[in-house]
Amino acid sequence: MQKCQNCEAQFSWNKIYKSFWWNYKPIECNNCGRKHKITIPGRFTFVSLTILPMLIFMNLLSPFSNIIPTIGFGLIICFIGSLFTPYLVSFEMVSFS
């Protein structure tokens, strides 16, 4: 799990997870107040674990002939992939300018 680059305080899973779904909102450290933003590779990791598996399932691997179950299972795959992202993405400290 990602830690603050300034004071080494660990970010909560919940705080990281919420930052993904609000347009990659920067995370503020509860200990020192420094902000951290998701890196470009972190964004690719998020997409690789959520959107990409969903699209592959829906377009190539779906055993359903009906669109409703296909979309439903695609969303479930997206949600399950998103649960792992807080452990794998990286953040960087926002520099003061």
Side-chain angles (χ1 to χ4, degrees):
M1 191 85 75
Q2 183 80 28
K3 293 182 179 182
C4 176
Q5 294 176 346
N6 188 42
C7 68
E8 297 294 319
Q10 188 167 356
F11 297 131
S12 70
W13 181 92
N14 193 29
K15 185 177 259 195
I16 296 172
Y17 190 74
K18 284 181 182 178
S19 79
F20 298 137
W21 297 109
W22 277 277
N23 200 18
Y24 300 119
K25 179 181 169 190
I27 296 174
E28 186 173 332
C29 178
N30 290 336
N31 194 26
C32 67
R34 296 292 300 260
K35 290 191 178 194
H36 294 73
K37 66 178 182 175
I38 189 168
T39 61
I40 298 299
R43 290 180 186 209
F44 283 125
T45 301
F46 178 75
V47 170
S48 297
L49 290 173
T50 56
I51 306 301
L52 194 60
M54 177 185 72
L55 291 176
I56 290 171
F57 172 79
M58 290 175 64
N59 290 321
L60 302 174
L61 304 174
S62 178
F64 307 112
S65 59
N66 192 340
I67 191 72
I68 302 298
T70 302
I71 291 173
F73 274 94
L75 291 175
I76 290 170
I77 290 170
C78 180
F79 175 71
I80 291 171
S82 74
L83 295 176
F84 295 105
T85 55
Y87 297 107
L88 301 172
V89 298
S90 57
F91 287 82
E92 63 186 4
M93 193 165 37
V94 177
S95 60
F96 293 116
S97 44

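Keep in mind it's a predicted model, so treat the numbers as computed, not measured.
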Visitor: Which residues satisfy the side chain to side chain contact (heavy atoms under 4.5 Å, CB included) test with Ile76, sequence neighbours excluded?
Guide: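 For Ile76 the side chain to side chain contact (heavy atoms under 4.5 Å, CB included) partners, ignoring immediate neighbours, are Ile80.
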Visitor: Residues in salt bridge (charged side-chain N to carboxylate O under 4.0 Å, His left out) with Glu28, at least two apart?
Guide: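 Result, salt bridge (charged side-chain N to carboxylate O under 4.0 Å, His left out) vs Glu28: none returned.
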Visitor: Kindly check if the number of other-residue, nucleotide or ligand heavy atoms within 6.0 Å of CZ (Phe64) is above 12?
Guide: yes
Visitor: Please confirm whether the ring centroid of Phe46 lies under 6.0 Å from the ring centroid of Trp21.
Guide: yes
Visitor: Shortest non-hydrogen contact from Asn6 to Arg34?
Guide: ND2-CG, 3.6 Å
Visitor: The test is side-chain contact (heavy atoms from CB on, under 4.5 Å); show your working for Leu49 and Ser82 and say whether it passes.
Guide: CA-CA 6 Å; Leu49 290 173; Ser82 74; over 6 Å; no
Visitor: Within this structure, what is the OG-CD1 distance for the pair Ser12 and Ile27, rounded to the nearest 0.5 Å?
Guide: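 Between Ser12 OG and Ile27 CD1, I get 8.0 Å after rounding to 0.5 Å.
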Visitor: Under the criterion side-chain contact (heavy atoms from CB on, under 4.5 Å), I'd like the reasoning laid out for Phe79 against Leu75: C-alpha separation, chi angles, the key distance, then a yes or no.
Guide: CA-CA 6 Å; Phe79 175 71; Leu75 291 175; over 6 Å; no
Visitor: Within the side chain of Asn23, is there an N or O that forms a donor-acceptor pair under 3.5 Å with the backbone of Lys25?
Guide: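 No, Asn23 side chain to Lys25 backbone: no donor-acceptor pair under 3.5 Å.
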Visitor: Tell me whether Phe20 at atom CZ has more than 12 heavy atoms from other residues, nucleotides or ligands lying less than 6.0 Å away.
Guide: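 Enclosed: over 12 neighbouring heavy atoms sit under 6.0 Å from CZ of Phe20.
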Visitor: Which distance, rounded to the nearest 0.5 Å, do you find between the SG of Cys29 and the CE of Met93?
Guide: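 CE of Met93 is found 10.0 Å from SG of Cys29.
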Visitor: Verify, without hydrogens or angle tests, whether Gln10 (side chain) and Lys3 (backbone) share a donor-acceptor contact under 3.5 angstrom.
Guide: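 Checked: no pair found.
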Visitor: Can you run down the salt bridge (charged side-chain N to carboxylate O under 4.0 Å, His left out) pairs that involve residues 54-67, sequence neighbours left out, and say none if there aren't any?
Guide: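 Of all non-adjacent pairs touching residues 54-67, none passes salt bridge (charged side-chain N to carboxylate O under 4.0 Å, His left out).
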Visitor: Among all residues two or more places apart in sequence or in another chain, which pass the salt bridge (charged side-chain N to carboxylate O under 4.0 Å, His left out) test with Lys37?
Guide: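 Applying salt bridge (charged side-chain N to carboxylate O under 4.0 Å, His left out) to Lys37 gives Glu92.
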Visitor: Answer yes or no: is there a donor N or O on one side and an acceptor on the other, between the side chain of Gln5 and the main chain of Phe91, under 3.5 Å?
Guide: yes
Visitor: Can you measure from OG1 (Thr45) to CG (Leu52) and round to the nearest 0.5 angstrom?
Guide: 11.5 Å
Visitor: If two hydrophobic side chains count as joined below 4.5 Å and joins carry through other members, does Phe84 share a cluster with Ile38?
Guide: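 Unlinked, Phe84 and Ile38 end up in two clusters.
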Visitor: Pairing donors with acceptors under 3.5 angstrom, does anything connect the side chains of Thr39 and Ser90?
Guide: yes
Visitor: Identify the two heavy atoms, one from Asn31 and one from Ala9, that lie closest to each other, and give their separation to 0.1 Å.
Guide: CB-CB, 3.9 Å
Visitor: Report the C-alpha separation of Ile16 and Gln2 in whole Å, then their side-chain angles, then the decisive distance to 0.1 Å, and conclude whether the side-chain contact (heavy atoms from CB on, under 4.5 Å) test is met.
Guide: CA-CA 9 Å; Ile16 296 172; Gln2 183 80 28; 4.2 Å; yes
Visitor: What do the steps show when you test Ile71 against Met58 for side-chain contact (heavy atoms from CB on, under 4.5 Å), and what is the final call?
Guide: CA-CA 7 Å; Ile71 291 173; Met58 290 175 64; 3.7 Å; yes
Visitor: Could you see if Tyr87 belongs to whatever hydrophobic cluster contains Ile77? Use Ile, Leu, Val, Met, Phe, Trp, Tyr and a side-chain cutoff under 4.5 Å.
Guide: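 Yes; Ile77 is reachable from Tyr87 via cluster members.
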Visitor: Test of understanding: with side chain to side chain contact (heavy atoms under 4.5 Å, CB included), list the residues that count as partners of Ser48, not counting sequence neighbours.
Guide: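 Scan of Ser48 (side chain to side chain contact (heavy atoms under 4.5 Å, CB included), adjacent residues dropped) gives none.
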Visitor: So does Tyr17 have more than 12 non-hydrogen atoms from other groups sitting under 6.0 Å from OH?
Guide: yes
Visitor: Do you reckon Ile40 sits in the same ILVMFWY cluster as Ile51, going by side-chain contacts under 4.5 Å, direct or chained?
Guide: no
Visitor: Not counting sequence neighbours, list each pair that qualifies as a salt bridge (charged side-chain N to carboxylate O under 4.0 Å, His left out) and has a residue in residues 57-77.
Guide: none
Visitor: Identify the two heavy atoms, one from Thr70 and one from Asn66, that lie closest to each other, and give their separation to 0.1 Å.
Guide: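 Result for this residue pair: OG1-O, 2.9 Å.
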Visitor: Without swapping roles, check the side chain of Thr85 against the backbone of Gly81 for a donor-acceptor pair under 3.5 Å.
Guide: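 Judged by distance alone, no pair lies under 3.5 Å.
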Visitor: Got a second to check how far Leu61's CG is from Leu55's CG, nearest 0.5 Å?
Guide: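 The distance works out to 11.5 Å.
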Visitor: Starting at NE2 of His36, measure out to SG of Cys4 and round the result to the nearest 0.5 Å.
Guide: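 His36 atom NE2 to Cys4 atom SG measures 4.0 Å (nearest 0.5 Å).
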Visitor: Side-chain contact test, heavy atoms from C-beta onward, threshold under 4.5 Å: evaluate it for Tyr24 versus Ser19 and give yes or no.
Guide: no
